[in-house]
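Data first, discussion second: the structure below is written as structure tokens.
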Amino acid sequence: AYLWALLGLLALAQAKVEFKHHNNTEMAAVLQQVHNRCPDITRLYTLSEPSVNGIPLYVLEFTDNPGKHELMEPEMKYIANMHGNEVLGRELLLHLADYLCEEYLAGNTEIKKMVDETRIHLLPSMNPDGWRTSTDHGGKDFLIGRTNANNVDLNRDFPDLDRIAYSSEERHQDNNNHLMDYVKHLDHKIQPETESVMKMIMETPFVVSANMHGGDLVANYPYDEARGLNPTEYSASPDDETFKYIATTYAKNHPRMGDPRTPGCDKQFNPFAKQGGITNGAAWYTVEGGMQDFNYLSSNDFEITLELGCDKYPDASVLEQEWEDNKNSLLEFIWLAHSGIKGVVKDADTLQGIANALIHVRNITRIAKTFRRSDDIDHDITSVHDGDYWRLLTPGEYEVIVVADGYEPAAKLIEVTENSQHKTAPVLNFELSKVNSAAEPSSYEDQEAEPMPMYEDMMDFGSNSLDDYLNEQQPDLYNY
């Protein structure tokens, strides 16, 4: 019956996507209709598990070669309607899908470039059962429909990796990434919707993503869970600067989110607006088992949470204006997948890609004429598939160290600049030599113990730019 209803609605979905609240069947029909209009750049697929009530979790993918990860092409995702009664993101993603398809067909050069150079995944509803419950009760209750059909809050249902990260910090251990490797068993039964998204996260090399909510107007970044007993303690991640940059990118492109004159939801004063429309999650309130921190600590993905408005279930009459208010932010956020650096880690002899190489970054940005930072970013990412990697970074100067089992570590320097022209990230490739079988494998700590000569020279020469100095002194170490 569900399939016949979907097929019956496909004909109605041929027109431009309406500004209305689409039910679960209509939502699927819209996604199918967009795919039918743009079959060469889209793929409609479902996650591994349906909802508790059997509704498929639909994802629409946009790229120039759908269904395939391409070497060095970054992947990003938007997930909406995780809380069933927070519905604006669901409608925004339907209109984003429609917009990307229409503009690509119309020859919009920016959109064609975005789709051709990025793999974009849109999941409009992670909790279709909760949406149905909320809608059946009028959509105006602050809590009804929030949970799934088993009455579980999906944003408290992910494995709590923060506690592993915090424990490692206290013990001065290096366990700072891909922490699911340290989880031997789960302390509760994971819901099917959560299980599906966990598999999506672990199987796809996402670079950046956003989880869309409602109830306030702010871009929220990790950590979401407080380190200590204070439930409103600012809990910075190792990538705090980068996460603030990511959150600010969305907020500043929204006409109200980052405007200091925007009033709060419950009172005139709006602390979020006063700080640019962003907040550290734990400084707002602590969340255990949330999807945002799970992404960061289980994979290479940098995820933030978007609170899209005070009204969780806004009237259909305001949806068109909400789309206009969020459109630029949604597009600029996708371009973030191209910030920082990317490259391929290869075997120097075979030139084959090396998967699971560890990419460690040290911030060496100059902050005075004779002084540079030397700050390790204690969150490493790994190469994937055929050895390709992406590392989101804010503008600055960095030392990048790559370590892989059985290989000598390698280090290079690079300068990251503001990507205001929507260019692809600069490429920093590595070719690793196999370690001598008689020697002990080394690590990036070993690499750190022997400072590279050009690093010391840079300080002495007082160079204004890594680019200028390295092109002059060490051109072979600065390839992109």
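Remember, predicted model here, so these are calculated numbers, not experimental data. These values consider heavy atoms only, across backbone and side chains, with no hydrogens, waters or symmetry-generated copies.
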Is the [X] to [Y] ring centre distance short of 6.0 Å?
{"X": "Tyr223", "Y": "Tyr166", "result": "yes"}
{"X": "His338", "Y": "His422", "result": "no"}
{"X": "Tyr221", "Y": "Phe243", "result": "no"}
{"X": "Trp131", "Y": "His137", "result": "no"}

Run the salt-bridge test on [X] and [Y] with the 4.0 Å N-O cut-off and return the result as yes or no.
{"X": "Lys77", "Y": "Glu303", "answer": "yes"}
{"X": "Glu86", "Y": "Lys312", "answer": "yes"}
{"X": "Arg37", "Y": "Asp98", "answer": "yes"}
{"X": "Lys434", "Y": "Asp405", "answer": "no"}
{"X": "Glu225", "Y": "Arg163", "answer": "yes"}
{"X": "Arg227", "Y": "Glu169", "answer": "yes"}

Any side-chain heavy-atom pair of [X] and [Y] under 4.5 Å:
{"X": "Met180", "Y": "Leu161", "value": "yes"}
{"X": "Asn300", "Y": "His178", "value": "yes"}
{"X": "Met114", "Y": "Trp335", "value": "yes"}
{"X": "Tyr389", "Y": "Met72", "value": "no"}

Is the number of heavy atoms from other residues, nucleotides or ligands within 6.0 Å of [atom1] ([X]) greater than 12?
{"X": "Lys20", "atom1": "NZ", "value": "yes"}
{"X": "Glu431", "atom1": "CD", "value": "yes"}
{"X": "Leu229", "atom1": "CG", "value": "no"}

Problem set entry | Test side-chain contact (heavy atoms from CB on, under 4.5 Å) applied to Ile354 and Lys346, step by step | CA-CA 5 Å; Ile354 302 172; Lys346 295 181 180 180; 5.6 Å; no
Problem set entry | Full working for salt bridge (charged side-chain N to carboxylate O under 4.0 Å, His left out) between Arg146 and Asp153 | CA-CA 7 Å; Arg146 175 184 176 90; Asp153 186 332; 3.0 Å; yes
Rounded to the nearest 0.5 Å, what's the gap from [atom1] on [X] to [atom2] on [Y]? Could you check?
{"X": "Leu351", "Y": "Asn429", "atom1": "CG", "atom2": "CG", "result": "11.0 Å"}
{"X": "Glu193", "Y": "Ile79", "atom1": "CD", "atom2": "CD1", "result": "12.0 Å"}
{"X": "Asn326", "Y": "Leu88", "atom1": "CG", "atom2": "CG", "result": "6.0 Å"}
{"X": "Leu308", "Y": "Leu217", "atom1": "CG", "atom2": "CG", "result": "8.0 Å"}
{"X": "Leu31", "Y": "His22", "atom1": "CG", "atom2": "NE2", "result": "9.5 Å"}

Which pair of heavy atoms, one from [X] and one from [Y], lies closest together, and at what distance?
{"X": "Val218", "Y": "Gly277", "answer": "CG2-O, 3.4 Å"}
{"X": "Thr248", "Y": "Ile278", "answer": "OG1-CD1, 3.5 Å"}
{"X": "Val287", "Y": "Asn155", "answer": "CG1-O, 3.6 Å"}
{"X": "Val345", "Y": "Leu432", "answer": "CG1-CD1, 3.8 Å"}
{"X": "Thr118", "Y": "Thr63", "answer": "O-OG1, 3.2 Å"}
{"X": "Asp157", "Y": "Lys189", "answer": "OD1-O, 4.0 Å"}

For this session: Measure from NZ or CZ of Lys412 to the centre of the six-membered ring of Phe430, then state whether that distance is under 6.0 Å and the direction lies within 45° of the axis.
Result: yes
Problem set entry | Identified side-chain contact (heavy atoms from CB on, under 4.5 Å) counterpart of Glu75 within the set Ile120, Val384, Thr204, Val207 | Thr204
Exercise. Pick from Val400, Asn363, Ile377: which one makes a side-chain contact (heavy atoms from CB on, under 4.5 Å) with Leu393?
Worked result: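 That would be Ile377; it is the only one of Val400, Asn363, Ile377 passing the side-chain contact (heavy atoms from CB on, under 4.5 Å) with Leu393.
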For this session: Begin from the C-alpha positions of Asn328 and Leu330 and carry the test side-chain contact (heavy atoms from CB on, under 4.5 Å) through to its verdict.
Result: CA-CA 5 Å; Asn328 288 340; Leu330 290 166; over 6 Å; no
For this session: Evaluate ring pair (Phe, Tyr, Trp, His ring centres under 6.0 Å) for Phe62 paired with Tyr104, printing each intermediate quantity in order.
Result: CA-CA 10 Å; Phe62 280 86; Tyr104 194 96; 8.6 Å; no
For this session: Show your working on side-chain hydrogen bond (donor to acceptor under 3.5 Å, both in side chains) between Asn211 and Ser209 and close with a plain yes or no.
Result: CA-CA 7 Å; Asn211 174 15; Ser209 60; over 6 Å; no
For this session: Using the test salt bridge (charged side-chain N to carboxylate O under 4.0 Å, His left out), find all partners of Lys113 that sit at least two apart in sequence or belong to another chain.
Result: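 In terms of salt bridge (charged side-chain N to carboxylate O under 4.0 Å, His left out), with neighbours along the sequence ignored, Lys113 is linked to no residue.
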Exercise. Using the ring of each side chain (for Trp, its six-membered ring), is Phe19 parallel, tilted or perpendicular to His95, with breaks at 30° and 60°?
Worked result: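 Rings of Phe19 and His95: parallel, under 30°.
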For this session: For the pair Phe302 and Tyr296, name the ring-plane relationship: parallel under 30°, tilted 30 to 60°, perpendicular over 60°.
Result: perpendicular
Exercise. Can you check side-chain hydrogen bond (donor to acceptor under 3.5 Å, both in side chains) on Ser125 and Asn81, steps first, answer last?
Worked result: CA-CA 5 Å; Ser125 183; Asn81 202 208; 2.7 Å; yes
Problem set entry | Asn24 side chain to Arg90 side chain, donor-acceptor N/O pair below 3.5 angstrom |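 Judged by distance alone, the side chains do pair up.
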Problem set entry | Exercise: do Ser299 and Asn295 side chains pair donor with acceptor under 3.5 Å | no
Exercise. Taking it one step at a time, do Thr46 and Leu57 satisfy side-chain contact (heavy atoms from CB on, under 4.5 Å)?
Worked result: CA-CA 5 Å; Thr46 59; Leu57 303 185; 5.9 Å; no
For this session: Scan residues 138-168 for pairs that pass disulfide (SG to SG under 2.5 Å), counting only residues two or more places apart or in two chains.
Result: none
For this session: Check the pair Asp347, Tyr407 against side-chain hydrogen bond (donor to acceptor under 3.5 Å, both in side chains), reporting the backbone distance first and the verdict last.
Result: CA-CA 8 Å; Asp347 182 299; Tyr407 293 88; 2.7 Å; yes
Problem set entry | Step-by-step side-chain contact (heavy atoms from CB on, under 4.5 Å) determination, Leu122 to Val59 | CA-CA 5 Å; Leu122 309 179; Val59 182; 5.6 Å; no
For this session: Please test His121 against Tyr45 for side-chain hydrogen bond (donor to acceptor under 3.5 Å, both in side chains), starting from the C-alpha separation and ending with a verdict.
Result: CA-CA 10 Å; His121 302 253; Tyr45 66 99; 2.8 Å; yes
For this session: Output, in order, the C-alpha distance, side-chain angles, deciding distance and verdict of salt bridge (charged side-chain N to carboxylate O under 4.0 Å, His left out) for Lys244 and Asp239.
Result: CA-CA 9 Å; Lys244 286 190 281 191; Asp239 285 285; over 6 Å; no
For this session: Apply salt bridge (charged side-chain N to carboxylate O under 4.0 Å, His left out) to Arg119 and Glu61, showing your working.
Result: CA-CA 7 Å; Arg119 194 176 181 202; Glu61 170 194 333; 2.9 Å; yes
